[in-house]
Amino acid sequence: MTQSLLDFLTASAARRPDHVAVEALPTGALTYRELDRLSDRVRDRLRQMGVRRGDRVGVYARKSIDAYAAMLGAMKAGAAYVPVDYAAPAWRSAFILSDCAVRVVVLEASLTAGWREEAAKLGEVPPLIELAESGDGSHLAAALTALDEAAGVAPVGDDEPVGLDDLAYILYTSGSTGKPKGVMLSHRNAVSYVDWCSDVFAPRDDDRFSSHAPFHFDLSILDLYVPLKHGATVVLIAADQGKEPAGLAALIAERRLTVWYSTPTILTMLAQYGKMERYGYDALRFVFFAGEVFPVKHLRALQQRLPGPRYFNLYGPTETNVCTYHEIPAAIDESRTQPFPIGRCCEQFTSRVVDEEGVDVAHGAEGELVMAGPGVLVGYWNLPERTAQAFFVDTAGTQWYRTGDLVTEDGGGVFTYVGRRDRMVKRRGYRIELGEVESGLYKHPDVKEAAVVAFKDADGGVRLKAFLSSNGSPLSVITLKQFCAKVLPAYMSPDVFGFVDALPKTSTDKVDYQRLAEMG
Amino acid sequence: MDPIEQTIKDFILESYLLGADPSQLTADTPLITGGILDSLATVQLSLFLEQHFHVEIAPHETATDYLDTIALIGQLVRSKLPS
């Protein structure tokens, strides 16, 4: 029986050593044998640097073969890898790496200075494996060689015998208090998900998977480890390329991708701006989307341009990864305007729809979706209270994870998403706690009060509006935008600013979000 | 600001800077690196340029090097217009 994600690599490297495991763009590729060997070198070096089973290793680099091999090497050393957003403000990345006390950071040289400055404020700065750049894996190999020369060749060992309950990775998501929180996920969580993908999608060893999402997103788990298990190939799409629809449309065709997985935002951009009619997509077998609601108008437009593949709506928070799924019909009814359901519970989970007390709601009534099974997170790193709040135990002793998502069920086991029970929103596939945006705005010296409200735009997307009062100096939209770019990840920056003398308050002197939502 | 730059400025103000003081958006205000245009906005802007000025923007031209200021965008558009 599979004990960890590493078993997938070991098996594929034995079965198909010369098959390409991973490709980078524009050039670069490693076979399974090469990927196995490079990640072995990472394992040995990390161990020599003091990494032990149960530790964490930060990976702070652009999406690349180098970063992927570092992640595999960290797991081989028995550690959980912690992928950090390359593009986020340095304070946020430094907070994440410090919060989970990484033993070693693999990072790109261009980030070192900014990170060191922020990391020094937070305590001890961990040792580095510093990459001159990232891309085809050669930069990681060169960094390891340099360390071999400087510190002596690391003794060659075996993979740490990690088991299903060891942590595989920690993915940080937006936190309502203004600081990101770490979702701890075990090999059991990951393996149960990958195995489910095998059962439902029957991947082939000649499949070519896209890796569009960044590694710190949970979409990357399917992108990387389903092909790893099946001895197939993953094609890494760097962040800059991933945002450019005309280039993406070309590369899906030219690289003959067979499986595509991204947020609806990217698929909408592809259909609208990708000039897809210029290319053929006969290789593409599957289009998966996740992370937000896909407005039917845009989904239909995409399907008309790209009629070949099967389409699936995959739903689930980072805490469970995909936990419900729904296949989109091959031709969407012209009269349909309602978004498609999130679908039925994935087979490795059990689900219920409950009220605030954890009691099942009447059939068809709105309630919170809760999940149990091997895919449910271990907990939040270093946040025992937050972890306790995320779960409840029923009378039979089953532990249920509260997704925070409100759904209805159609009587046949198919769920439809209705909304959130808290102030978390999904915008362009990014998960955002509005409280974290407010916390960023409060760092501005002239901001006295800040409240952020999410609105639906005409296209079914989410727009963020920040209501602000100033402590004297007038606020300017342009300087606020510039400020947000420094303190918040780009996807958290408000679209619109509204200036008020004072935020409206409720009778209990809390910010009246209802009133702000009505102000529009 | 020439008429091309003014058109670009008006589009950016209307689309992404609702409520902003127009005088604060100059030909040299950093747009992408300054947090005013995100990736989606950059794509929308290039589509606007294509439709409004009847030019074609290549995929690599949506990068910071070409679109980070109104002056740069104006330069890109002018380079594509028949002289």
Side-chain angles (χ1 to χ4, degrees), chain A residues 26 87 89 239-251 263 265-266 268-275 278 427-430 440 457 459 461-468 474-499 520, chain B residues 1 5-6 8-71 73 76 80:
Chain A
D240 294 350
Q241 292 165 315
K243 290 171 182 164
E244 207 295 292
L248 275 184
L251 91 81
T263 61
T265 295
I266 295 298
T268 300
M269 283 168 67
L270 266 175
Q272 285 182 328
Y273 310 117
K275 299 170 185 166
R278 296 182 180 180
R427 180 188 185 220
R428 300 182 200 159
Y430 292 95
D457 70 16
D459 268 353
V462 169
R463 283 170 78 79
L464 301 185
K465 178 162 182 177
F467 292 90
L468 301 169
L475 296 164
S476 130
V477 172
I478 290 176
T479 52
L480 280 166
K481 285 254 183 191
Q482 290 165 339
F483 179 78
C484 286
K486 290 197 192 96
V487 299
L488 292 169
Y491 55 84
M492 287 195 197
S493 184
D495 298 289
V496 191
F497 293 90
F499 302 123
Chain B
M1 229 176 237
E5 292 179 354
Q6 190 60 49
I8 297 162
K9 175 172 171 169
D10 290 345
F11 174 78
I12 292 170
L13 281 169
E14 279 163 33
S15 309
Y16 310 110
L17 289 171
L18 231 53
D21 174 358
S23 69
Q24 290 192 358
L25 182 63
T26 69
D28 300 316
T29 305
L31 299 171
I32 299 173
T33 56
I36 292 170
L37 298 182
D38 63 11
S39 55
L40 181 61
T42 309
V43 171
Q44 287 167 338
L45 171 69
S46 53
L47 188 77
F48 168 79
L49 299 176
E50 289 189 343
Q51 290 175 345
H52 191 89
F53 296 108
H54 306 289
V55 296
E56 178 146 0
I57 308 291
H60 73 275
E61 288 168 341
T62 57
T64 317
D65 296 352
Y66 298 90
L67 299 183
D68 202 33
T69 64
I70 292 174
I73 302 168
L76 178 70
K80 291 172 181 287

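Proteins get letters first, then strands, A, B, ... in listed order; numbering begins at 1 in each.
Interface remark: of the candidates Ser493(A), Ala490(A), Ser476(A), Ser476(A) forms the most heavy-atom pairs closer than 4.5 Å to chain B. For chain B, the option among Glu244(A), Gln241(A), Met269(A) with the highest count of heavy-atom pairs below 4.5 Å is Glu244(A). Interface summary for chain B: among Lys481(A), Lys243(A), Gln272(A), the most heavy-atom pairs under 4.5 angstrom belong to Lys481(A). Most heavy-atom pairs under 4.5 Å with chain B: of the set Leu488(A), Ile478(A), Thr479(A), this distinction falls to Ile478(A).
Atoms OG1 and OH, on Thr268(A) and Tyr273(A) in that order, are 9.5 Å from each other to the nearest 0.5 Å.
Taking the ring centroids of His52(B) and Phe11(B), they lie at or beyond the 6.0 Å cut-off.
Both the backbone and the side chain of Ile36(B) come within contact range of chain A, with heavy atoms under 4.5 Å apart. With a threshold of 4.5 angstrom between heavy atoms, Lys275(A) approaches chain B through side-chain atoms but not through N, CA, C or O.
Between Glu14(B) and Lys9(B) there is no salt bridge, since no side-chain nitrogen of the basic residue lies less than 4.0 Å from a carboxylate oxygen of the acidic one.
Counting only residues at least two apart or in different chains, side-chain hydrogen bond (donor to acceptor under 3.5 Å, both in side chains) contacts with residues 29-40 of chain B comprise Arg428(A)-Asp38(B), Thr26(B)-Thr29(B), Thr33(B)-Asp68(B).
Residues Asp28(B) and Ala71(B) approach most closely at OD1-CB, 4.0 Å, considering heavy atoms.
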